[in-house]
Amino acid sequence: MASLSLRNIYKKYPGGVVAVSDFNLEIRDKEFIILVGPSGCGKSTTLRMVAGLEEISEGELYIGDRLVNDVAPKDRDIAMVFQNYALYPHMTVFENMAFGLKLRKVPKDEISRKVEEAARILNITALLDRKPKALSGGQRQRVALGRAIVREPQVFLLDEPLSNLDAKLRAQMRTEISKLHQKLGTTFIYVTHDQTEAMTMGDRIVVMKDGFIQQVDSPQNLYAYPVNLFVAGFMGSPQMNFINATLRKIDGKYTCEFGSEDTKTTRGRKFYVEIPDSKVDDAALEPLLDQQVILGVRPENIHDDEMHISAASTGIIETEVEITEMMGAETYLYLTCEGIPLTARVDPRSTARPQDTIKCVIDANKIHIFDAETEKTVIN
């Protein structure tokens, strides 16, 4: 098993295109690391550099204590699972899983033992004589995983392995891969653009944007303590609500003010969210007084029930309901407040219906504040 160390890694293409910039990450032995971000952020390129499929332009990559920049992919002791499975169509499942071992001249009886053991772990023993075309997407994914397992590598690299599966199967395979990681006790590096996969599977998540690391932390800390506007908006579904507001000091209390001025077309309303004393950081807030900030609030922290509204001393807003989505255990309300779009996750017993005007309350204890200019977090 192995730790990995990526030190000041860059990937530069001809024409001045920089796909990955100054990537620094220490990955512990047996850790499950997720690289997540939108398309084109450099996450797959980073994975391919670890695999040796892309050359590292600058920086150093260590697997264990060994510098592997110039080591061929086959000698890095890693196994990669691709998005499209990359199975040989003319071979059976057994032959696909055994192929890499045959190339290494592993004895036949050992090949059989390893393939059968991997098939048992993945519950595909009954499929060993089938060809890939006779398999479902989920079964093909298991075969691709099995082909990696039999290699017994130090590091597993998985590049969007679930993106071709339907939603239900994707959820099932997430669980299977997490179980597999625990069972094998190997280092996993997993690339996805799906933040739900990232939140549910990783020990730590690396959020990337435009080739740069934005934040590295546990799923819970990324969700609760994002370092900037991008991370706050990327992690969580539905995503965090962002409200352009002005930071004021009213009666000695820091307060976010938002809404509209009086015009001919609207009576104009201002709403106020007072920042609780427990969140106040004078050094961070004082320079932003009377300036625009971005107020962030997650959908589950906007409430439409009477209990929350009557108990609130701040953050009460008036909204128009545009759409309601019944999700079973909860309801999503898509709202507007003085032209500001908001999403709320509320109790399924909510009586709100489209075209209703309803009061809601923003939980001031759960707000985030971002600097409108730098987009960095001011208050979490």
Side-chain angles (χ1 to χ4, degrees), residues 32-36 39 43-45 47-48 50-54 73-74 76-104 106 108 110-184 186-198 200-202:
F32 198 136
I33 280 279
I34 307 252
L35 305 183
V36 70
S39 296
K43 56 191 185 297
S44 287
T45 303
L47 197 75
R48 290 173 67 82
V50 174
L53 303 176
E54 290 274 4
K74 67 183 178 62
R76 291 192 180 193
D77 203 7
I78 51 98
M80 191 155 176
V81 179
F82 295 91
Q83 182 177 350
N84 61 1
Y85 318 137
L87 301 177
Y88 297 109
H90 61 288
M91 293 183 184
T92 64
V93 167
F94 183 98
E95 290 164 342
N96 264 286
M97 289 170 67
F99 186 69
L101 299 178
K102 282 182 179 174
L103 290 181
R104 287 175 170 73
V106 175
K108 278 189 177 179
E110 192 177 340
I111 289 175
S112 291
R113 181 182 62 76
K114 287 186 172 183
V115 169
E116 283 162 15
E117 171 64 11
R120 186 186 62 74
I121 289 170
L122 293 164
N123 199 23
I124 54 172
T125 303
L127 309 177
L128 288 174
D129 295 328
R130 291 194 198 174
K131 298 272 179 72
K133 67 180 178 185
L135 304 177
S136 68
Q139 289 168 335
R140 287 179 198 177
Q141 187 57 73
R142 281 188 166 88
V143 176
L145 284 166
R147 189 175 51 191
I149 289 169
V150 297
R151 298 259 312 278
E152 296 178 354
Q154 293 192 81
V155 183
F156 275 86
L157 307 177
L158 300 100
D159 189 8
E160 306 234 14
L162 308 184
S163 59
N164 292 337
L165 305 180
D166 63 60
K168 185 178 178 183
L169 196 50
R170 211 159 50 229
Q172 186 183 329
M173 285 301 294
R174 280 204 305 265
T175 309
E176 294 294 332
I177 290 173
S178 294
K179 282 183 190 169
L180 188 62
H181 173 250
Q182 291 170 9
K183 197 173 287 186
L184 298 176
T186 311
T187 308
F188 273 46
I189 307 176
Y190 187 108
V191 160
T192 181
H193 63 274
D194 182 339
Q195 58 87 26
T196 304
E197 275 179 33
T200 53
M201 296 172 75

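For the numbers below, each heavy atom of this structure counts, side chains included, while hydrogens, waters and symmetry mates do not.
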All heavy atoms of M97 vs all of A118, minimum pair found to be CE-CB, 3.7 Å

Result for side chain to side chain contact (heavy atoms under 4.5 Å, CB included) between R142 and one of L180, I121, I124, L127 points to I124

_Side chains of R130 and T92, heavy atoms from C-beta outward: is any pair under 4.5 Å?_
no

To the nearest 0.5 Å, atom CZ of R140 lies from atom CG of N96 at 11.0 Å

Scanning both residues in full, the closest heavy-atom pair of L128 with A119 reads CD2-CB, 4.0 Å

Distance col, row K102:NZ vs E95:CD, nearest 0.5 angstrom, shows 5.5 Å

Output for pair (L184 CG, L145 CG), nearest 0.5 Å, gives 9.5 Å

**Asked** With a cut-off of 6.0 Å (strictly less than), are more than 12 heavy atoms of other residues, nucleotides or ligands near CG of N123?
**Response** no

Minimal heavy-atom distance between S136 and Q139, with the atoms involved, is N-OE1, 2.8 Å

Worksheet item: So does E117 pair up with K114, basic N to acidic O under 4.0 Å?
Response: no

> Mind checking whether F94 and S112 have side chains closer than 4.5 Å, heavy atoms only?
Replying inline: yes

Cut-off 3.5 Å, side chains only: do E160 and Y190 have a donor facing an acceptor?
no

Rounded to the nearest 0.5 angstrom, the CG-CG distance for L87 and L135 is 8.0 Å

Item to check | Pairwise side-chain contact, H193 with V36, heavy-atom cut-off 4.5 Å (strictly under) | outcome: no

side-chain hydrogen bond (donor to acceptor under 3.5 Å, both in side chains) pairs touching residues 168-177, sequence neighbours excluded, are R174-T200

- Side-chain heavy atoms of F156 within contact of L158, under 4.5 Å: yes

Quick one: does T187's side chain get under 4.5 Å of Q154's, heavy atoms only?
no

Heavy-atom nearest pair, P73 first then A51, reads CB-O, 3.3 Å

**Q.** F188 and F32 aromatic ring geometry - parallel, tilted or perpendicular at 30°/60° bounds
**A.** tilted

Distance col, row M80:CE vs R151:CZ, nearest 0.5 angstrom, shows 12.0 Å

Between the CD1 atom in I177 and the CD atom in Q182, the distance rounded to the nearest 0.5 Å is 12.5 Å

D77 and P153 have their tightest heavy-atom pair at OD1-CA, 3.5 Å

Residues I111 and A98: closest non-hydrogen pair is CG2-CB, 3.5 Å

Q) Are the side chains of P89 and K133 in touch, meaning some heavy atoms are under 4.5 Å apart? A) no

Quiz item: Short question: side chain of H181, backbone of T186 - any donor-acceptor pair under 3.5 Å?
Solution: yes

Partner of L47 under side chain to side chain contact (heavy atoms under 4.5 Å, CB included), picked from L53, I78, L157, is L157

Would you check if Q141 and M173 make a side-chain contact, meaning some heavy-atom pair closer than 4.5 Å? yes

- Donor + acceptor pair across side chains of S44, D159 (<3.5 Å): yes

Quiz item: Considering only heavy atoms from C-beta outward, does the side chain of E116 approach that of T125 to under 4.5 Å?
Solution: no

